[in-house]
Trainee: 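Take this structure, written in structure tokens, and hold onto it; I'll ask about it next.
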Amino acid sequence: MLKKTLLLTFVLLAALGVGIFFSYTHIEGNLFNNRNAQWGILASVVVGLILGVARGLLKKKNEIKGELVTRHGLGSLISHWATAFGIFAAIYSGVMLGFFVMSGKSVWILPVFAKTQGAVTSALNAHYFAVLMILFGAFFFCADYVATRDWTLLIPNLQDVIQGFIGKYFLRRKWEKEEKYLSSQKSAAMPYFAIGLVILLSGAVKVAAHVWPITANVWGWATVIHDVFMVFIILYTLVHVGIVVVLGDWPAFRSWWTGTMSKNFVEHHHPVWFENLTTRTNKS
Ligand code: HEM
Ligand code: HEM
């Protein structure tokens, strides 16, 4: 699995790298304005959806195999890392383009790095490739989630938030009902999805502005929202990675590469999931 994961990571990074390289060396016009490239945006959504549904229907369920428990297949790795790498590239190109910019001038601490028309076009095209990867990863994830029909996998209930997140970490109360994803992970995933959704919708309006005429007012609001949520996603990603480091959640981190967790760890830290695995009522 580790070999497959490394190969997949290489393919994702190479695809992004080639796109960004060509943005700076070969492509001249703004791809967001190019009709074929606009179809490319739709294609990445459709390919993500189709592969996600196929994966959700065909994937093997997690199971105990000797001393290990299977946790992530290649599909989970695609959705997590394609989205994450795409977001990193979008943040890079977004910073180059500048955010919170009015009449060509940055109205906050970060300057606009892309100063010439050529630099702006290159950064916009790098953003285009980042967007392709984000849309592919995000729609793959959503379609896989829906096709799997394990609704509560990442969607928390009130108990998860109050007892499993606030109670366990802030009030130091005991909480034993940990499933495949800890109650705290489920609680933390929700704001991430919400931030991602707002970026996606505001980005969609900005893409639409390149396809159809849109009023300056709508475009202006989409830009403000897109830029504000860029700050949120940067901060939230720092928190997301920070939590892994501060809580030392290395077994989860390792599972992103190896696809597995030790049986012993699952038994003690994810007791409800472990029970589902042993009674074979596990859905995903
Ligand atoms: C984490 C993800 C993203 C970040 C951090 C980000 C950030 C930015 C920033 C800073 C800009 C330049 C300032 C502005 O015009 O607002 C920009 C422009 C843009 N973004 Fe994003 N963005 C992200 C994802 C997306 C997505 C998913 C889409 C499409 C669905 C998208 C579509 C666009 C478009 C069309 C532009 C304007 C291009 C132009 O001015 O012609 N972005 N983005
Ligand atoms: C912008 C990029 C990223 C996004 C949108 C993202 C999103 C997510 C989501 C939604 C989950 C599932 C539930 C949760 O734990 O919250 C998750 C899990 C996780 N992510 Fe990320 N992530 C990103 C980047 C990263 C990075 C850079 C790391 C590296 C440390 C990382 C490490 C993990 C780990 C260790 C898990 C738990 C996996 C498990 O429990 O098996 N993520 N991520």
Side-chain angles (χ1 to χ4, degrees), residues 30-33 38 41-42 44-45 62 71-72 76-77 79-101 106 110 112 114 120-121 123-128 130-139 141 145 153-156 179-182 184-193 195-211 219-234 236-245 247 249-261 266 269-270 273:
N30 176 352
L31 286 175
F32 283 112
N33 284 333
Q38 288 167 357
I41 295 182
L42 189 65
S44 69
V45 171
N62 294 142
R71 182 171 175 86
H72 298 298
S76 324
L77 294 154
S79 51
H80 184 264
W81 292 114
T83 319
F85 294 155
I87 289 176
F88 292 143
I91 293 173
Y92 158 75
S93 46
V95 169
M96 290 296 121
L97 287 167
F99 51 123
F100 303 134
V101 176
S106 175
L110 276 188
V112 178
V120 171
T121 308
L124 277 173
N125 289 338
H127 202 63
Y128 170 85
V131 167
L132 288 192
M133 187 142 292
I134 294 175
L135 292 178
F136 168 71
F139 281 89
F141 171 83
Y145 199 87
L153 181 70
L154 272 171
I155 301 176
E179 301 173 28
K180 174 171 174 179
Y181 286 99
L182 304 176
S184 54
Q185 285 180 303
K186 292 164 85 175
S187 310
M190 279 302 106
Y192 227 161
F193 296 144
I195 295 171
L197 184 66
V198 176
I199 293 204
L200 224 99
L201 292 177
S202 53
V205 173
K206 286 160 79 63
V207 170
H210 287 270
V211 185
W219 185 86
W221 274 109
T223 298
V224 171
I225 294 170
H226 205 64
D227 292 9
V228 170
F229 277 77
M230 164 157 174
V231 177
F232 288 163
I233 206 154
I234 293 176
Y236 212 80
T237 303
L238 289 175
V239 171
H240 181 66
V241 177
I243 286 175
V244 176
V245 177
L247 295 186
D249 201 2
W250 304 118
F253 182 70
R254 262 197 308 276
S255 78
W256 265 149
W257 304 99
T258 58
T260 57
M261 256 181 183
V266 173
H269 293 87
H270 301 264
W273 187 38

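Read the numbers this way: they start at 1 and go in the same order the structure lists the ligands and their atoms.
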Trainee: Which one of A209, A90, A123 has a non-hydrogen atom at the shortest distance from atom 4 (C) of ligand 1?
Mentor: A90
Trainee: Report yes if some N/O of Y192 lies less than 3.5 Å from some N/O of ligand 2; otherwise report no.
Mentor: no
Trainee: Report, in ascending order of atom number, the atoms of ligand 2 lying under 4.0 Å from any heavy atom of F193.
Mentor: 10 (C)
Trainee: Suppose we call two aromatic rings close when their centres sit under 6.0 Å apart. Are F193 and F141 close by that rule?
Mentor: yes
Trainee: Do W221 and S202 make a side-chain contact, defined as non-hydrogen atoms from C-beta onward lying under 4.5 Å apart?
Mentor: no
Trainee: Considering non-hydrogen atoms of the protein only, which is the closest contact for atom 29 (C) of ligand 2, and what is the distance?
Mentor: F253 CE1, 3.7 Å
Trainee: Polar contacts were defined as any N/O atom of the residue lying under 3.5 Å from an N/O atom of the ligand; does this apply to W219 and ligand 1?
Mentor: no
Trainee: Out of curiosity, I199 CD1 to I233 CD1, how far, rounded to the nearest 0.5 Å?
Mentor: 4.0 Å
Trainee: For atom 23 (C) of ligand 2, which of the options M190, Q185, H270, H240 provides the nearest non-hydrogen atom?
Mentor: H240
Trainee: Counting from 1, what ligand 2 atoms have a heavy atom of F88 closer than 4.0 Å?
Mentor: 27 (C)
Trainee: Could you pull out, from L97, N30, I234, the option with a heavy atom nearest to atom 11 (C) of ligand 1?
Mentor: L97
Trainee: Between S255 and ligand 2, is there a nitrogen or oxygen pair with a distance under 3.5 Å?
Mentor: yes
Trainee: Okay, side chain of R71, backbone of T258: is any donor-acceptor separation there less than 3.5 Å?
Mentor: no
Trainee: Contact between ligand 2 and Y236 is defined here as a heavy atom of the residue under 4.0 Å from a ligand atom; is it met?
Mentor: no
Trainee: Side chain, backbone, both or neither: which applies to K186 and ligand 2 if a contact is any heavy-atom pair less than 4.0 Å apart?
Mentor: neither
Trainee: What is the closest protein heavy atom to atom 12 (C) of ligand 2, and at what distance does it sit?
Mentor: L154 CD2, 4.0 Å
Trainee: For the side chain of Y145 and the backbone of L154, is there at least one donor-acceptor N/O pair under 3.5 Å apart?
Mentor: yes
Trainee: G196 near ligand 1, heavy-atom distance under 4.0 Å?
Mentor: no
Trainee: Say whether D249 and ligand 2 are in contact under the criterion: heavy-atom distance to a ligand atom below 4.0 Å.
Mentor: no
Trainee: Short list, please: which atoms of ligand 2 are under 4.0 Å from a heavy atom of T237?
Mentor: 1 (C)
Trainee: Going by distance only, is there an N or O of W256 that falls short of 3.5 Å from an N or O of ligand 2?
Mentor: yes
Trainee: Of the protein's non-hydrogen atoms, which lies at the shortest distance from atom 39 (C) of ligand 2, and what is that distance?
Mentor: R71 NH2, 3.4 Å
Trainee: Among all protein heavy atoms, pick out the one at the shortest distance from atom 41 (O) of ligand 1; state its residue, atom name and that distance to 0.1 Å.
Mentor: H210 NE2, 2.7 Å
Trainee: Taking distance alone, with N or O pairs closer than 3.5 Å, would you say H72 contacts ligand 2?
Mentor: yes
Trainee: Kindly indicate whether the side chain of F136, heavy atoms from C-beta on, has any atom under 4.5 Å from the side chain of V45.
Mentor: no
Trainee: Can you list the ligand 2 atoms lying under 4.0 Å from a non-hydrogen atom of I87?
Mentor: 1 (C), 5 (C)
Trainee: Look only at the side chain of Y236 and the backbone of A188, and say whether a donor-acceptor pair between them is shorter than 3.5 Å.
Mentor: yes
Trainee: Of the protein's non-hydrogen atoms, which lies at the shortest distance from atom 36 (C) of ligand 1, and what is that distance?
Mentor: K206 CE, 3.4 Å
Trainee: Side chain, backbone, both or neither: which applies to W81 and ligand 2 if a contact is any heavy-atom pair less than 4.0 Å apart?
Mentor: side chain
Trainee: In this structure, which one of F253, F232, Y192 forms a ring-ring contact (aromatic ring centres under 6.0 Å, His included) with H240?
Mentor: Y192
Trainee: So, the side chain of Q38 versus the backbone of F32: is there a donor-acceptor pair under 3.5 Å, distance only?
Mentor: yes
Trainee: For V207, take its heavy atoms, then give the atoms of ligand 1 lying under 4.0 Å from any of them.
Mentor: 29 (C), 35 (C)
Trainee: Output the atom name for the N/O/S atom of H80 with the smallest distance to atom 21 (Fe) of ligand 2.
Mentor: NE2
